[in-house]
Structure formats: C-alpha cells, structure tokens
Amino acid sequence: MEREWVVEESTAVAARAADVYAAVADVRRMREWSPEVFAVWLRGRTIAPGARFVGFNRIGWRVWFTTCQVTAAVPGQAFAFRVSSFGMPVALWGYRFEDVADDPSAPRTRLTEYWEDLRRDSRGAAFVSVLGKVFTGVPAERRAAVNRAGMRATLDRIRTAVEKG
C-alpha cells in the first residue's frame, strides 16, 4: 500500500462557523478534543499567525511533546499550525470552517480537519521519522491511518461540545 501523505475528515456541526472556530482555535482546549493531546502550553494569550505552543501527547504509556506554530488564524474560515520536533518539520494540521446552512435560522458548519506529513524531501526527514516511531510507537507509514481515526474522534468531540453550547 502506498503511503498517505495527506489525510482529511469532515463533519457537520449545528452551529455558526464563528462559534466552531472559537472552540477549535483555543488551543488550550485541544486536550478536550484530541485522543492524543493531554496538555497544551501556549506562549502568550493571542492566537494569531506566528503564535507558538507546545503540545503534550500520549499513546498508551508513550509520552512526547511537539512544538507548534500557528500559520493561519482567520475567524470562521481557517485555523492551522505547523508541528516540529527538535526544529525539524513533522506535520501541518489545519481546520476549515464552511457555512453550509440552507436556513439562516438554523446555522450549520462543515468542519474539516486535515493533516499533511512534512517528513519528506527535507534534511532530517528520515531522522524525525525514526524519532516519531520511538516516541509514539507508530511508524511513519502508519501515521496517516492513526491520524484518520484520531480525526474522527476529534471532530465528533468538537461537534458534541459546540452543539451543547
């Protein structure tokens, strides 16, 4: 099977795009959504391109951290961040928000989460892939499948929380 370098999943949320964006862009809440993230340390308080944060993750007994930098923060439209490990590119994670309501009184947003593996075509790509396997237990070739399952759980948790208000 050919390795997947990009994965994308979507769900519909019964809420305004601005409200869905506000929940997702608050990176301190990532531990509520993601099955891997258990803590986030945000440098500063502002979420804008260039903002940095550290994600603390776990799968089973394995624990690791990643350094992240916000690359897009457009309320109600897009939120994305680049992930690196020891200064080497690992991935790009992002979210798109699209108003899909037919009826203005019943808001509905298509929330799409995407991931792109950046561990290719760069100096250190092989090394950071090995680090990924050591720290997470997931070989680079299986990361897309693991992330796809995690995205489904993440999107479901976001949808449930936002719809409850």
Side-chain angles (χ1 to χ4, degrees), residues 1-60 63-84 89-119 132 136 138 142-165:
M1 184 163 122
E2 189 175 322
R3 182 167 169 187
E4 285 185 276
W5 295 94
V6 177
V7 174
E8 184 173 296
E9 290 288 327
S10 296
T11 192
V13 182
R16 296 178 327 123
D19 296 332
V20 180
Y21 173 89
V24 170
D26 183 353
V27 296
R28 292 166 296 232
R29 293 187 71 186
M30 251 185 229
R31 62 188 176 84
E32 293 176 50
W33 322 132
S34 171
E36 287 186 5
V37 177
F38 69 87
V40 171
W41 177 65
L42 174 64
R43 296 178 186 169
R45 294 181 180 255
T46 306
I47 297 295
R52 295 181 181 272
F53 61 97
V54 178
F56 297 91
N57 312 285
R58 102 174 110 233
I59 296 176
V63 176
W64 72 98
F65 70 92
T66 55
T67 310
C68 307
Q69 184 171 14
V70 175
T71 59
V74 181
Q77 294 179 28
F79 180 72
F81 55 93
R82 225 177 218 326
V83 178
S84 62
V90 174
L92 175 66
W93 283 91
Y95 299 85
R96 291 188 303 271
F97 310 84
E98 181 185 359
D99 179 6
V100 293
D102 291 331
D103 177 359
S105 66
R108 192 166 178 83
T109 300
R110 177 180 297 117
L111 171 61
T112 300
E113 181 176 17
Y114 61 91
W115 165 85
E116 179 181 353
D117 192 337
L118 299 179
R119 296 173 294 177
T136 71
V138 178
R142 288 196 45 246
R143 191 32 122 163
V146 170
N147 285 351
R148 184 180 303 283
M151 287 176 175
R152 290 177 181 145
T154 297
L155 293 171
D156 187 53
R157 292 171 183 175
I158 293 168
R159 182 184 45 75
T160 299
V162 172
E163 288 179 354
K164 282 184 181 176

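Just the heavy atoms: all of them, side chains too, but no hydrogens, waters or symmetry mates, feed the values below. All values derive from a computational prediction rather than experimental measurement.
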*Asks:* Of the non-hydrogen atoms in Ala48 and Ala73, which two are nearest, and what is the gap between them?
*Replies:*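 In terms of heavy atoms, the two residues are closest at CA-CB, 4.1 Å.
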
*Asks:* Looking only at heavy atoms, what is the nearest atom pair of Arg108 and Ala12, with distance?
*Replies:*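 Heavy-atom minimum between the residues: NH2-CB, 3.3 Å.
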
*Asks:* Give the intermediate values and the outcome of side chain to side chain contact (heavy atoms under 4.5 Å, CB included) for residues Phe97 and Val24.
*Replies:* CA-CA 10 Å; Phe97 310 84; Val24 170; 3.9 Å; yes

*Asks:* Quick one: does Ser34's side chain have a donor or acceptor within less than 3.5 Å of a partner on Met30's backbone?
*Replies:*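 A pair under 3.5 Å: no.
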
*Asks:* From Phe79 CZ over to Asp26 CG, what is the distance, rounded to the nearest 0.5 angstrom?
*Replies:*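 Answer rounded to 0.5 Å: 9.0 Å.
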
*Asks:* Quick check: do Phe38 and Val63 have side-chain heavy atoms less than 4.5 Å from each other?
*Replies:*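 Yes, their side chains come closer than 4.5 Å.
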
*Asks:* To check you understand the geometry: which heavy-atom pair defines the closest contact between Thr154 and Pro35, and what is its length?
*Replies:*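 In this case the closest contact between Thr154 and Pro35 is OG1-CD, 3.4 Å.
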
*Asks:* Is it true that Arg157 and Glu32 have a side-chain N and a carboxylate O under 4.0 angstrom from each other?
*Replies:*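 A salt bridge is absent here (no side-chain N lies under 4.0 Å from a carboxylate O).
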
*Asks:* Which atom names give the shortest non-hydrogen contact between Ala144 and Glu4, and what distance separates them?
*Replies:*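 Shortest heavy-atom separation between Ala144 and Glu4 comes out as CB-CB, 3.5 Å.
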
*Asks:* Distance from Met151 atom CE to Leu111 atom CG, nearest 0.5 Å?
*Replies:*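 Between atom CE of Met151 and atom CG of Leu111 there are 11.0 Å.
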
*Asks:* Other residues, nucleotides and ligands only: do more than 12 of their heavy atoms fall within 6.0 Å of CZ on Phe65?
*Replies:*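 No, because the 6.0 Å sphere around CZ of Phe65 holds 12 heavy atoms or fewer from other groups.
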
*Asks:* Closest heavy-atom contact between Thr112 and Ser10?
*Replies:*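 Answer, listing the atom of Thr112 first, then Ser10: OG1-OG, 2.6 Å.
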
*Asks:* Taking the side chain as every heavy atom from C-beta outward, state whether Val20 and Tyr95 have any pair of such atoms under 4.5 Å apart.
*Replies:*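 Sidechains of Tyr95 and Val20: no contact.
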
*Asks:* Return the minimal non-hydrogen interatomic distance between Tyr21 and Ala78, and the atom names on each side.
*Replies:*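 Closest approach of Tyr21 to Ala78: CE1-O, 3.3 Å.
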
*Asks:* Show, in sequence, the C-alpha distance, side-chain angles and deciding distance for Asp19 and Thr109, and conclude whether the side chain to side chain contact (heavy atoms under 4.5 Å, CB included) test is met.
*Replies:* CA-CA 9 Å; Asp19 296 332; Thr109 300; over 6 Å; no

*Asks:* Using 0.5 Å steps for rounding, measure from the CH2 atom of Trp93 to the OG1 atom of Thr66.
*Replies:*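 Rounded to the nearest 0.5 Å, the CH2-OG1 separation comes to 10.0 Å.
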
*Asks:* Consider salt bridge (charged side-chain N to carboxylate O under 4.0 Å, His left out). Of Arg142, Arg3, Arg143, which one does Asp117 pass it with?
*Replies:*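 Exactly one candidate clears the test, Arg3.
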
*Asks:* Going by the salt bridge (charged side-chain N to carboxylate O under 4.0 Å, His left out) test, name the single residue among Arg148, Arg96, Arg152 that passes it with Glu8.
*Replies:*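 Option passing the salt bridge (charged side-chain N to carboxylate O under 4.0 Å, His left out) with Glu8: Arg96.
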
*Asks:* Please say whether the positively charged group of Arg43, taken as NZ for Lys or CZ for Arg, lies over the ring of Trp41, i.e. under 6.0 angstrom from the six-membered ring centre and within 45 degrees of the axis.
*Replies:*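 No cation-pi geometry.
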
*Asks:* Just how far is it from atom CG of Asp99 to atom CZ of Arg110, taken to the nearest 0.5 Å?
*Replies:*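 So the gap between those two atoms works out to 10.5 Å.
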
*Asks:* Return the CZ to CH2 distance between Arg31 and Trp33, rounded to the nearest 0.5 Å.
*Replies:*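 Arg31 CZ to Trp33 CH2: 10.0 Å, rounded to 0.5 Å.
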
*Asks:* Could you state the interatomic distance from OG1 (Thr136) to CG (Asn57), rounded to the nearest 0.5 Å?
*Replies:*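 Going from OG1 on Thr136 over to CG on Asn57, the span is 9.5 Å.
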
*Asks:* Can Val146 and Glu36 be said to form a side chain to side chain contact (heavy atoms under 4.5 Å, CB included), step by step?
*Replies:* CA-CA 10 Å; Val146 170; Glu36 287 186 5; 3.8 Å; yes

